Amino acid sequence: MRKEKFYLTTTLPYVNAEPHIGHALEFVQADAIVRYQKNKLGKENVFFNVGTDEHGLKIYQKAKEEGVSIQDFIDKYAQRFKDYCKLFFVEYDNFYRTSSEEHSIAAQKFWNACAEKGDIYKKKYGGLYCVGCERFLTEKELVDGKCPDHGTVPEYKEEENYFFRLSKYREPLLKWLDSNKGIIKPATCYDELRKIISEIEDISISRVKENLPWGIDVPDDPTQVFYVWFDALTNYVNVVGYSTDEDRLKEWWPAVQLFGPDNLRFQGAIWQGMLESAGLPHTKMLLRHGMVLGEDGRKMSKSLGNVVSPFVQEEKYGGEVVRFYLLAGISTFADSSYKESDLVNMYNARLANNYGNLLNRVIHLANAKEVEINNESTVETSFKERVDSYKKTITDLYDAYELSSACEQIDALADYGNKYITEKEPWSKDKTLEECGEILNNLSYLLKTVTELYSPIIPVSADKARNALEKREKIILFPTLDK
RNA sequence: CGCGGGGUAGAGCAGUGGAAGCUCGUUAGGCUCAUAACCUAAAGGUCGUCGGUUCGAGUCCGACCCCCGCAACCA
């Protein structure tokens, strides 16, 4: 019997700008889910893909603007994103780059698969074209009928592009969604996605190469290149062997896909249509995380001046503390504000005062009284049952991808430990050494459990805590932060 | 009437018909093993507004007000 496999992928950030706090949220959530699954299923049965989306007009333009070669430009940003992962302890199994040779080949094979299904056709497309921008503008972008960047009136121009027959999959996709209602989180997205699918039309999937040299060549048509989304989306299957290793693909795909609010259309509708066209199974689970808003509750933007820099935050508090806040403090699926005061409060309350402090209380007392701890076999049954019932609740939450709720329950378990030690008073002179030993051994089991459950969230500190507990070394893991 | 989410104690949130809750913060007391940490208790809300259904509504229905996100490439 085949062992259960777990494959999770994030979306691939588009590398035309520096990583922002939202990327951190997605990466960190993904990493926490993956670490939990690796603990549960074993590392070899879990696969974690991240990467960067490196084609398209904006990158082409940006590189030109900066006066560097496209290759240098994308290499630099891919590296920025790799470093970014390291900053927040994100350990991916693969970093996918859409500029790679293998990606081009696989994407072309994907195209051919859709073409063989009769789902790709050529069509003339007309629109307002700005010569300065070298691209079509939408009505919305225009200011007084002029291009906002160049101040010129765009001209009507026609271009012939390839289109993907997405409309053909409208009904099949609705059917799929309706018979898989639990496939998307949060559940409130279900109606939204259903509406998106019910309104999907065919989409343009290529650009004229003359206008946009930076893209993957369309098979058998040297005048056209892939529209960036159409190649980028295929990465999720390419990375696990699409077109190169059928067995491997079957072993891993479908994946759990994590993405942001603006990506519901692409991941939930377009990509699902593409999969169906190519004869591949649909995504296993669609997780749409929330948006990190500014302290004022609005979307971060330079003009509002409410942008939180992940680099400044990391420098100030350390990657793990920021990570903890993103996972425990920021709502997992709903939009929520990033507030530094909340970060400090939550860190102090949960990690420093509750968990960290309890760890020291137990280690310190165990050493002072010279009693045995870390003996699981002698933990009091009723106490163990209590701890294990918390553990069950928490692992259920992890399995449901409810990260912030899981964190809340881990905190509740540590809190139970603090109440327990206060009530039992193992430091009291009235207690025999035997009683004291039992109380502290119970608590060491609780701490071991808390540490294990926290390890997907704060992996480095969890390691240190495990070590400290085993060696009975007193350690200030989480120094209190000033407000 | 573009689509969607939301308005519950100072802050952040849970709660979808039956005695208003949680965390942080605040105040008071206790403890003293511990990172001025921990424990207990208290104060603090006419659940956006108005109307309706019901024996009973934060919870259902209607209208309205306000906030936020999205609307073919910013997670």
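Chain naming here is simple, since letters A, B, ... match the order of the sequence lines and numbering starts at 1 in each. Note that the structure is a prediction, hence the values are computed from the model and not measured.
The pair A:Lys123-A:Glu160 fails the salt-bridge criterion, with no side-chain N (NZ, NE, NH1 or NH2) lying under 4.0 Å from an Asp/Glu carboxylate O.
Atom pair A:Arg361:CZ and B:rA37:C1' shows a separation of 8 Å (rounding to whole Å applied). One can place CG of A:Asn306 at 14 Å from C1' of B:rC74, the figure rounded to the nearest angstrom. For A:Asp482 and B:rA36, the CG to P distance is 12 Å, given to the nearest whole Å. The separation between A:Leu443 atom CG and B:rA34 atom C1' is 12 Å, rounded to whole Å. We find that OH of A:Tyr14 is positioned 13 Å from C1' of B:rA72, with the value rounded to whole Å. Atom CG in A:Asp231 sits roughly 12 Å away from atom C1' in B:rC73 (whole-Å rounding). Note: OH (A:Tyr77) to C1' (B:rA75) measures 17 Å, nearest angstrom. Rounded to a whole Å, the CG atom of A:Asp262 is 20 Å from the P atom of B:rC3.
Across all strands shown, A:Val362 has no heavy atoms under 4.0 Å from either base or sugar-phosphate atoms. Note on A:Gly297: only backbone sugar-phosphate atoms sit closer than 4.0 angstrom, heavy atoms only; bases stay farther off. Heavy atoms of A:Asn357 sit under 4.0 angstrom from at least one base atom. Across all strands shown, A:Ile476 has heavy atoms under 4.0 Å from base atoms, whether or not it also approaches the sugar-phosphate. In this structure, A:Lys195 reaches the sugar-phosphate backbone alone: every heavy-atom distance under 4.0 Å involves primed, P, OP1 or OP2 atoms, never a base. Within 4.0 Å of A:Phe27, counting heavy atoms only, lies no atom of the nucleic acid at all. Contacts of A:Lys369 with the nucleic acid, taken as non-hydrogen atoms under 4.0 Å apart, are absent. A:Ile203 comes within 4.0 angstrom of a nucleotide base, judged by non-hydrogen atoms across all strands. The residue A:Asp415 sits close only to the backbone: its heavy atoms come under 4.0 Å of sugar-phosphate atoms, none of a base.
Checking each of A:Phe478, A:Phe324, A:Tyr416 against A:Tyr355 for a ring pair (Phe, Tyr, Trp, His ring centres under 6.0 Å) leaves exactly one that passes, namely A:Phe478.
Here, B:rG17 and B:rC55 have their C1' atoms 12 Å apart, quoted to the whole Å. Here, B:rC65 and B:rC50 have their C1' atoms 10 Å apart, quoted to the whole Å. With both ends at atom C1', the span from B:rC60 to B:rU53 equals 8 Å, rounded to whole Å. Comparing the C1' positions of B:rA34 and B:rC39 gives an interatomic distance of 13 Å, to the nearest angstrom. As rounded to the nearest Å, B:rA28 and B:rG69 have P atoms that lie 41 Å from one another. When the P atom is compared between B:rG45 and B:rC22, the two are found 16 Å apart, to the nearest whole Å. If you take atom P in B:rG6 and the same atom in B:rC61, they sit 13 Å apart, rounded to whole Å. Between B:rC67 and B:rU8, the distance separating the two P atoms is 14 Å to the nearest Å.
More than 12 heavy atoms of other residues, nucleotides or ligands lie within 6.0 Å of NZ in A:Lys122, so this atom counts as buried by the packing criterion. Shown here is A:Lys464, whose NZ atom has no more than 12 heavy atoms of other residues, nucleotides or ligands within 6.0 Å. More than 12 non-hydrogen atoms from other residues, nucleotides or ligands lie less than 6.0 angstrom from CD of A:Glu199.
Listed nucleotides: B:rG69, B:rC74, B:rG25. Nearest to the side chain of A:His20: B:rC74. With B:rC24, B:rA75, B:rU32 as the choices, the nucleotide that has an atom nearest any side-chain atom of A:Glu26 turns out to be B:rA75. Of all nucleotides listed (B:rC31, B:rA75, B:rG25), B:rC31 comes nearest to the side chain of A:Trp427. For A:Lys419, whose side chain is taken as the heavy atoms from C-beta onward, the closest listed nucleotide among B:rC39, B:rA75, B:rU35 is B:rC39.
Remark: the A:Tyr317 side chain and the A:Glu340 side chain contain an N/O donor-acceptor pair separated by less than 3.5 Å.
Using a 4.0 Å cut-off, no side-chain N or O of A:Lys339 falls inside it from OP1 or OP2 of B:rC24. Between B:rA75 and A:His23, a contact under 4.0 Å exists linking OP1 or OP2 to a side-chain N or O. Taking only side-chain nitrogens and oxygens, A:Arg298 comes nearer than 4.0 Å to OP1 or OP2 of B:rC68. Using a 4.0 Å cut-off, some side-chain N or O of A:Asn353 falls inside it from OP1 or OP2 of B:rC38. Between A:His364 and B:rA34 there is a side-chain polar atom (N or O) within less than 4.0 angstrom of OP1 or OP2.
Shown here, B:rC50 forms a base pair with B:rG62; the pair counts as Watson-Crick or G-U wobble because both key distances fall under 3.5 Å. Using N1 to N3 plus N6-O4 or O6-N4 for Watson-Crick, or N1-O2 and O6-N3 for G-U wobble, each under 3.5 Å, B:rG56 pairs with nothing. With both pairing distances under 3.5 Å, B:rU26 is matched to B:rA42 as a Watson-Crick or G-U wobble pair. In a base pair of the Watson-Crick type (N1 to N3 plus N6-O4 or O6-N4) or a G-U wobble (N1-O2 and O6-N3), with each distance short of 3.5 Å, B:rA20 is matched with no nucleotide. Both distances falling under 3.5 Å, in either a Watson-Crick or a G-U wobble arrangement, occur for no nucleotide opposite B:rA34. Base pairing analysis places B:rG2 opposite B:rC70; the two distances defining the Watson-Crick or G-U wobble pair are each below 3.5 Å.
Both A:Leu358 and A:Asp296 lie close to RNA chain B; mapped to their nearest nucleotides by heavy-atom distance, the more 5′-ward contact belongs to A:Leu358. Where A:Gly329 and A:Ala349 meet RNA chain B, the nucleotide closest to each residue was compared, and A:Gly329 sits on the side nearer the 5' end.
In this pair, A:Phe163 and A:Tyr121 present their aromatic rings parallel. The plane angle is below 30°, not in the 30 to 60° band.
Judged purely by atom type and a 3.5 angstrom limit, A:Tyr398 uses its side chain to pair as donor or acceptor with the backbone of A:Leu453.
The base of B:rA34 does not come close enough to the side chain of A:Asn360 for any donor and acceptor atom to sit less than 3.5 Å apart.
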Under the ring pair (Phe, Tyr, Trp, His ring centres under 6.0 Å) criterion, do A:Phe226 and A:Trp111 qualify, and how do the steps go?
CA-CA 9 Å; A:Phe226 277 59; A:Trp111 178 293; 4.8 Å; yes

